[in-house]
Amino acid sequence: MFIKAYNTLISAFYPLIIRPYIEKRKKNGKEDVSRFNERIGNPRLPRPEGKLVWLHGASVGESVSMLPLIQKILDTCPEAHVMVTTGTVTSAEVMKKRLPSRAFHQFIPIDKPEFTSRFLKYWHPDVALWFESEFWPSILSGLKAHNIPLILINGRISDRTFRRWKIFSFVCKELLSCFTLCLGQSDEDARRLKLLGAPEALCLGNLKYAGLPLPIDEKVKQDFQSLVQGRPLWLASSTHNDEELKIAEVHRRLKQEIPGLLTIIAPRHPQRGEEIRRDIEKSGLKTALRSQKQKPAPETDIYIADTIGEMGLWYDIADIVFIGGSLIPHGGQNFMEPARMRDAVIVGPYMHNFTDAMNRARRADAVISIQTPEELEKTVLRLLKDPEFLKTRRSLAYNWAAGEAKVLDGIMDKVKGFL
């Protein structure tokens, strides 16, 4: 009943509310005007012959987490093709750069029955894999009507979402009935999905543990290494406001013990680069800003890596990585990526965005936990001065990450059953 009412209301209010909103998105650059026909269900590419696996994720994070599974599908099923849909311009750009052959990107259609029906009739995938928890009633019900198997991958039901969905349990149950199988990120996520009405829910692990190595431009790497000429360095990745100045003060104290030390700060939001530079230089430290093509000089204290798509470069250059968003109550950022690249990984006290992963990593002694900037300073100092300790911490991080990547095989076994 809910989905039927939703589809009726969306169709009725589209000209009055949704279309003006979409036009505003176009003006603000949040829609790719040259490819907008895809958003109304009109394809720009021919459907490939044979098996077609459709994967959908809301934006950059979800689409990047798909990449290992995409490669696994293509390797396992040589006759299959993969279609990836997302809803943001940025994610489309990332997919254009990173999708392998036999995989292509389309924008997800606006969730209006006319558009979603057109989309599904044209592409008619053999199986659809829906990442995490962005549920669009029209397209989900359309998949069910077309008898297309639908699998929820990496489903996550936070405490807040669980409380909200319990209030509207009749809505949630109807939406989850569209899924053939739900795979939760953790056992608790699977349990909650089942309680909310999923016909079948289980946990095979978190697919984010199986991420592919981040891209690295070897020429750019060599150029940077020639500039720093073997200087000792470490990286603070995905930092947030109120963290960069703390990192700068840690650097100030560390360089008294480690002559020539270079600290690299890669902010979570690169557009803050100039603001970070101004704040740090007020304290008397010298900086260089990558977005302005400034190079690290011998006197540079802090190199601000305020660009997009180069995190793999910094993880490869640095052997020591502090994870931003964890010195403040933000909840931390992805710490699996540097672990997979054999870095010694340091996290602050606030990593609640990754509770399940952190519990598993801590059991394997794969991360170093600190509580304060002073502890961060002592930890980085020891790692820089003790090569054996650094080697051990890098190995522990990598071995844990490599073991967790086995989740990919379990998910692939389930997907293969529907092909």
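The residues of the chain are indexed from 1 along the displayed sequence. Computed from a predicted structure; not experimentally measured.
With a 6.0 Å cutoff to the six-membered ring centre and a 45° limit on the axis angle, Lys173 does not count as a cation-pi contact of Phe170. A cation-pi arrangement, defined by a distance under 6.0 Å to the six-membered ring centre and an angle within 45 degrees of its axis, is present between Arg382 and Phe389. Judged by a 6.0 Å distance limit and a 45° cone about the ring axis, Arg342 is positioned over the six-membered ring of Tyr398.
Relative orientation of the Trp54 and Trp130 rings is perpendicular, given thresholds of 30° and 60° on the angle between their planes. Relative orientation of the Tyr350 and His352 rings is perpendicular, given thresholds of 30° and 60° on the angle between their planes.
Considering only heavy atoms from C-beta on, Ser91 stays 4.5 Å or farther from Val94 through its side chain. A 4.5 Å side-chain heavy-atom check between Leu196 and Phe162 finds at least one atom pair inside the cut-off. Under the 4.5 Å side-chain criterion, counting only non-hydrogen atoms from C-beta, Asp187 is not in contact with Arg191. Using a 4.5 Å cut-off on side-chain heavy atoms (C-beta onward), Ile323 and Ser237 make contact. For the pair Leu376/Ile346, a side-chain contact is recorded, criterion being any heavy-atom separation below 4.5 Å from C-beta on.
Under the 3.5 Å distance criterion, the side-chain polar atoms of Arg25 are left unmatched by any main-chain donor or acceptor of Glu31. Counting only distance, with no hydrogens or angles, the side chain of Lys26 and the backbone of Ile22 share no donor-acceptor pair below 3.5 Å.
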Intermediate values then yes/no, salt bridge (charged side-chain N to carboxylate O under 4.0 Å, His left out), Arg44 and Glu38: CA-CA 7 Å; Arg44 70 183 185 93; Glu38 296 170 33; 2.8 Å; yes

Salt bridge (charged side-chain N to carboxylate O under 4.0 Å, His left out) evaluation trace for Arg394 with Asp343: CA-CA 5 Å; Arg394 293 177 68 194; Asp343 292 325; 5.1 Å; no

Determine, step by step, whether Asp223 and Lys219 satisfy the salt bridge (charged side-chain N to carboxylate O under 4.0 Å, His left out) criterion, reporting the C-alpha distance in whole Å, the side-chain angles of both residues, the deciding distance to 0.1 Å, and the verdict. CA-CA 6 Å; Asp223 290 345; Lys219 174 66 167 58; 2.9 Å; yes

Is there a side-chain contact (heavy atoms from CB on, under 4.5 Å) between Asp189 and Cys203 once you walk through the steps? CA-CA 8 Å; Asp189 290 313; Cys203 173; over 6 Å; no

Assess the residue pair Trp234 and Leu262 against the criterion (side-chain contact (heavy atoms from CB on, under 4.5 Å)); give the C-alpha distance rounded to whole Å, side-chain angles, the decisive distance to 0.1 Å, and a yes or no. CA-CA 7 Å; Trp234 67 294; Leu262 177 66; over 6 Å; no

Go through the steps for Leu181 and Leu152 under the test side-chain contact (heavy atoms from CB on, under 4.5 Å), then give the verdict. CA-CA 6 Å; Leu181 171 65; Leu152 178 64; over 6 Å; no

Apply ring pair (Phe, Tyr, Trp, His ring centres under 6.0 Å) to the pair Trp400 and Phe335, showing each step before the final yes or no. CA-CA 12 Å; Trp400 169 76; Phe335 69 95; 5.6 Å; yes

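Using a 3.5 Å distance cut-off with no hydrogens or angles, the side chains of Glu244 and Thr239 do pair a donor with an acceptor.
The ring of Phe13 has its center no closer than 6.0 angstrom to the ring center of Tyr21. A centroid separation of less than 6.0 Å is found between the aromatic rings of His105 and Phe107. Aromatic pair Phe119/Trp136: centroids not less than 6.0 angstrom apart.
A salt bridge does not link Arg272 with Asp306: none of the charged nitrogens is closer than 4.0 Å to a carboxylate oxygen.
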